[in-house]
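Here's the structure we're looking at; comments come further down.
Letters A, B, ... are given to chains in the order of the sequence lines, protein chains preceding strands, and every chain is numbered from 1. This structure is a prediction, so every number in the text was calculated from the model and none was measured.
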2 protein chains.
Amino acid sequence: MATIHDVATRAGVSRSTVSRFISGRGYVSPDARARITAAIEEIGFVPNAMARGLKTRRSSLIALLVPEIVNSFYTTILRGVEDVANRHGFQVIVGNTDETGAKERAYVELMIASQVAGVIVAAVGGTAASLEPLLQKRVPTVLIDRAIDGFEADIVKGDNVDGMAELARHLLSLGHRQIALVNGDLATAVAREREAGYRRALAEAEVAVDDALISSGDWFIDDAERRTSALLASGRPFTAILAANNFMAIGALRALRQRGLRVPEEIALACFDDIEQAAEIEPFLTVMAQPAYTMGTLAMQMLLERMGGHERGGRREIVLASHLVIRRSSGARDARPVQSGAVGNGRIAAAELVANGDDGSPSAEDVAVVALASVERGKEVSAFGTVTSIAKDAAPNRSVEGAARDAAATPRGDE
Amino acid sequence: MATIHDVATRAGVSRSTVSRFISGRGYVSPDARARITAAIEEIGFVPNAMARGLKTRRSSLIALLVPEIVNSFYTTILRGVEDVANRHGFQVIVGNTDETGAKERAYVELMIASQVAGVIVAAVGGTAASLEPLLQKRVPTVLIDRAIDGFEADIVKGDNVDGMAELARHLLSLGHRQIALVNGDLATAVAREREAGYRRALAEAEVAVDDALISSGDWFIDDAERRTSALLASGRPFTAILAANNFMAIGALRALRQRGLRVPEEIALACFDDIEQAAEIEPFLTVMAQPAYTMGTLAMQMLLERMGGHERGGRREIVLASHLVIRRSSGARDARPVQSGAVGNGRIAAAELVANGDDGSPSAEDVAVVALASVERGKEVSAFGTVTSIAKDAAPNRSVEGAARDAAATPRGDE
DNA sequence: GCTCCTTGTGGGAACGATTCCACAGCACAG
DNA sequence: CTGTGCTGTGGAATCGTTCCCACAAGGAGC
């Protein structure tokens, strides 16, 4: 394998000169420059990233840890992360933690050993224990989707409470009063927040919560199926099921099919997180869709700022609104996809902003990026809420401009 | 960051001793052993993979290059690759080449610079140009799904000709005589093979092929939609569409919906490759399902053998049978999922083997692994065809035993 | 008593880049 | 004529491991 030394001798200069040429810092005469270029071309030299990384303590690797790689929600996040990372010369390693703390821990150790430049993690949940080495070794880290108590890091997440509340309101508006909740693992903040949203919507509608209709366990399809079967077998009456994510919905659907129950005629069903491809093939599942791609881009953007040392402040938190997509499974009369409008505290859904983009208003991505730059310590901000005012007031700085440019160059979005 | 030197001084031994302890070769007294363990624990030492890789010219990174990360076919392959890789202490980097040669080329260069231990690639197609550096630098490489002319490497692929022929036969058996083919990029072998299968089935049934009903372009959803629209607009009559993969089917479906055409009542539809999650939610699309997970495990297995130098022979090729899953979109009367039985030359479908596993017959994975070990140069072998006889005759060697053990420990399969 | 083997350990040279420092040549100011 | 600053280059140390080699202590065999 060709080394920088080979290039140097062939070009008749020293290793230092070649190194300066490659890195672009320091003086290199046009003459030497030409000879080095030729030499590199001739022997097909590719610098050894190991040697470089060893010396510089930098690498171009970004690690993304996800709990379930086959879930398209995480794949879409990966696309977002990857697109931004690649544009900045970074590559993405994906680790599938399979919802197990031990695997997560192993990956974290490996990432540290590999000297990754940064880590984005949708954590398995529960304790911060498996992520702790990241803090200890000061590896730039951004959380995505799932908050971890006691782990001080930037985070991009969905508005789980409001999202689930809106989803529940949808079912309530269709007349359902006994709504079962097939939740995920309560060790994850996501599950707790979604349950809170469910409770809030029911309380607002003055519907009593029946705790026997709330089921939690882990985030796997099989478990959701088992628990749904148990709910059905319990004899407790309910007319609708709210699943805490798309995989839980698949599990619930399995259990319902096994009993021959038709959806939505006999039991209505809705869930958090979309499965875009499934919806394309057959628009069936009513979902609260999260802007997964944008979540990925924003997380990577935050990570870049941390890695570059541009951002040294405290923990930042971006909360993104999701939007309701009504399809058949909830039994709504008008089962065409609807983009939710302003909901709750004047929030504007991502889809709307994108749709309105042609009239000069900012795209969802621009907006989120601007909001990102304006997030202050400890202050929770909805990127799709406080948008326009922030965009106008925020003094544009380098990282914001860069991100906006990136966003503009991005060919595809979330949906 | 703690180094091996810190550990050594703390434990009162030399770097060499610590190194021997970590790598597990060479003598280390129980006494030193205990002190080193304690020291590592105390200072939270994680060996620097860069330094190690620089010295050993080895890394624990496996690169997987896929053309479209959001397609669950490739995600499932990734799961297979990852599971086997992790079990052998390797990590997987995923690169999304987006069906573009330039991106593929860039990833290949990066992988070489990163000193990856091996590469598995579902190539963008056309020429071998972008992969050529892998050959030049002698990086162990295995192709998956897509063969590349002139690129001499092990490959795991589906039986595209037979698979597509069977899919066409299914439509023919339902009475369709004018069947449109929405193919992918003819620069990829996959597309050419699938077209060949389509032609073969029609020829066997003595149905004339109407070339105007065959459309090819690239592998993107949008293009398939455009081309399907064009076919519909052409006025050429057809009663069914065969899509070359799941994404093409989504594109076709979009075009059909736009024209208000019902599937399967007005036009029947079937495609190659399943989308498991979509099918779970609503069993709609009739597909020729490939054993994606197994493809991943086998590719990784072959790669391990190349990396370890156990295998030095010529190019090996494993061809896996796919199986027909009949759902609603093809308009078959009995629209329940069926596992195809023996088809053509005595081939046994993967699903059947797995289903029959309890009676002592080998699992699909065992079988494929055994077949793998027996593949001879230039000889095309269907892992699910010649199975039992090979299993009996093949002298078990180390790599086969190891792979079989791995297969047994694998918790989940393809479907 | 010498050699040989085993067990156990440490020294030091790599691996292939980066980067600090020194220095050569040259122009120009004081 | 000396000092200073600039351009352009090379030398050499360094990053954190691995691994070859040397060597020490102790026992066995001749």
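Ion pair B:R79/A:E68 flagged as a salt bridge, since at least one NZ, NE, NH1 or NH2 atom sits closer than 4.0 Å to an Asp/Glu carboxylate oxygen.
Relative to the side chain of A:T56, the nucleotides C:dA17, D:dG10, C:dT19 differ in distance, and C:dT19 lies closest. Checking D:dT17, D:dG10, D:dC15 against every side-chain atom of A:R57, the shortest atom distance belongs to D:dC15. The listed nucleotides are C:dT18, C:dG10, D:dG16; the one nearest the side chain of B:A51 is D:dG16.
Using modelled atom types, no side-chain atom of B:T97 and backbone atom of B:L65 make a donor-acceptor pair closer than 3.5 Å.
For the pair B:L54 CG and C:dT18 P, the computed distance is 12 Å after rounding to whole Å.
Backbone-only engagement by B:S29 is indicated by non-hydrogen atom pairs under 4.0 Å involving sugar-phosphate atoms exclusively. B:A32 comes within 4.0 angstrom of the backbone, heavy atoms only, and of no base. Contacts of A:S16 with the nucleic acid, taken as non-hydrogen atoms under 4.0 Å apart, include base atoms. Across all strands, B:F45 comes closer than 4.0 Å only to sugar-phosphate atoms, never to a base (heavy-atom distances).
For C:dG12, the base has a donor-acceptor partner in the side chain of B:R15 [N/O atoms by modelled type, under 3.5 angstrom].
The phosphate of D:dG16 (OP1 or OP2) has no side-chain N or O of B:T3 nearer than 4.0 angstrom.
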